[in-house]
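These notes concern the structure reproduced below.
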2 protein chains.
Amino acid sequence: MNIKQEDIKHRLAEKGLKVTPQRIFVLDAIQSLGNHPTADLIISHVQKNHPNIASGTVYRVLDVLVENQLIKRVKTERDVMRYDGIMEPHHHLYCAESETIRDYRDEELDGILAEYFERKRIRGFNIEEIKLQIKGKFQKP
Amino acid sequence: MNIKQEDIKHRLAEKGLKVTPQRIFVLDAIQSLGNHPTADLIISHVQKNHPNIASGTVYRVLDVLVENQLIKRVKTERDVMRYDGIMEPHHHLYCAESETIRDYRDEELDGILAEYFERKRIRGFNIEEIKLQIKGKFQKP
DNA sequence: GTGGTTGCAAACCCTTTGCACGGCA
DNA sequence: TGCCGTGCAAAGGGTTTGCAACCAC
């Protein structure tokens, strides 16, 4: 019926994970909330419609999802843990003042980086992922 | 007498900070420890020679030093806070397996990035610092 | 002198965990 | 039936904080 939920179920099953309501609701919350929500936000959002889901469970679900690469953990310098539902490689703009994270994507940049690291290998280190953290300030409107 | 300590005192004074023994010892510890020490490590190192310095004080000193840009905070996905005494721009190799951070510096890379962001400005965002987090694995020897 | 710093210890808060129960294979 | 997943509540552990004493300037 609900296309979004069917998709989530599919993604869980694909990883060989048991499809439980709790996992569905957490993944759904991360997608709905967007913008790198904290565990706290996710918990409130989930509990709004399902008050009987324990916060400990949400934390455990988040761990499972990260381990299975369905979401990512994001941490900034002065912040609690946040979660990111977007698995395609992308970079982050981070504004310390407002504690905000915004995504930044640009294929040209990724190309430039790939070319650079193709050329300059780092001895003794196998690169798996390259992320830019661009610190700065969002201009006030 | 001690050149290193004189230098530290100078750097504190330069920022208009009061030069207290606690601040000197903490800065000294970060430099001696290198390798992005945790607060815990810094506390032990400081307390080894000065057992009467409270851990709460170390945390407060670390905050002051970060605010005044004498050190940086570093956080990884699954880790406690770490501190970095190197203020020149540099990037980080991060190995999740061993929870290790190693510095990576290359002027050519910085040049490439500067050129790219010179060309592509990000609307509504003023860039202050660009950091690469290169995730991967250190090869076993 | 005096306002910023420190020591101490308690509080905080996010996160993890032990345990018994529940549900799906 | 067996086992993973969950709810609950308590513990954990890194970090922060209130307050009185202290000290750098």
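Numbered from 1 within each chain, the chains take letters A, B, ... in sequence-line order. Values below: all heavy atoms of this structure, side chains included; hydrogens, waters and symmetry mates excluded. This structure is a prediction, so every number in the text was calculated from the model and none was measured.
- Counting only distance, with no hydrogens or angles, the side chain of B:D28 and the backbone of B:I24 share no donor-acceptor pair below 3.5 Å.
- The pair A:E14-A:R11 does not count as a salt bridge, with every side-chain nitrogen at least 4.0 angstrom from each carboxylate oxygen.
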Could you go through residues 39-59 of chain A and list every donor-acceptor pair under 3.5 Å that involves a side-chain atom there, pairing it with any protein atom two or more places apart or in another chain?
unit_1: A:S44; atom_1: OG; unit_2: A:D40; atom_2: O; d: 2.8
unit_1: A:Q47; atom_1: NE2; unit_2: A:I53; atom_2: O; d: 2.7

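- Distance from the side chain of A:A39 is smallest to C:dT15 among C:dC8, C:dT15, C:dT6.
- The ring-ring contact (aromatic ring centres under 6.0 Å, His included) check on B:Y104 picks up nothing, with sequence neighbours excluded.
- Ring geometry for A:H36 against A:H90 counts as tilted: the plane angle lies between 30° and 60°, on a 0 to 90° scale.
- Going from atom CG of B:N68 over to atom P of C:dG4 covers 14 Å, rounded to whole Å.
- Here the C1' atom of nucleotide C:dT5 and the CZ atom of B:F25 are 15 Å apart, to the nearest Å.
- Of the two residues contacting DNA chain D, namely B:D63 and B:K18, the nearest-nucleotide position lying further toward the 5' end is that of B:D63.
- We find that B:R73 and B:D63 are joined by a salt bridge, their nearest charged nitrogen and carboxylate oxygen being less than 4.0 Å apart.
- Rounded to an integer number of Å, the gap from A:N52 CG to C:dC21 C1' is 14 Å.
- Residues B:Y59 and B:V19 each lie close to DNA chain D; by heavy-atom proximity, the contact nearer the 5' end of the strand is made by B:Y59.
- With hydrogens and angles ignored, no donor-acceptor pair closer than 3.5 Å exists between the side chain of B:R60 and the base of C:dG4.
- If you check every strand for non-hydrogen atoms under 4.0 Å, A:D40 touches nothing.
- With A:K75 contributing its side chain and B:K75 its backbone, the two residues share no donor-acceptor pair below 3.5 Å.
- On the nucleic acid side, DNA chain D has its first and last nucleotide under 4.0 Å of a heavy atom of chain B at D:dG14 to D:dC25, going 5' to 3'.
- Between the C1' atom of C:dT6 and the CG atom of B:L17 lies a distance of 15 Å, rounded to the nearest Å.
- For B:T57, a side-chain nitrogen or oxygen approaches OP1 or OP2 of C:dG7 to under 4.0 Å.
- The CD1 atom of B:I53 sits 10 Å away from the P atom of C:dC8 (whole-angstrom rounding).
- Counting any heavy atom pair closer than 4.0 Å across all strands shown, B:V64 reaches no nucleic acid atom.
- B:R23 has a side-chain polar atom (N or O) that falls below the 4.0 Å cut-off from OP1 or OP2 of C:dT5.
- Look at CG on B:L65: it is 15 Å from C1' on C:dG4, rounded to the nearest Å.
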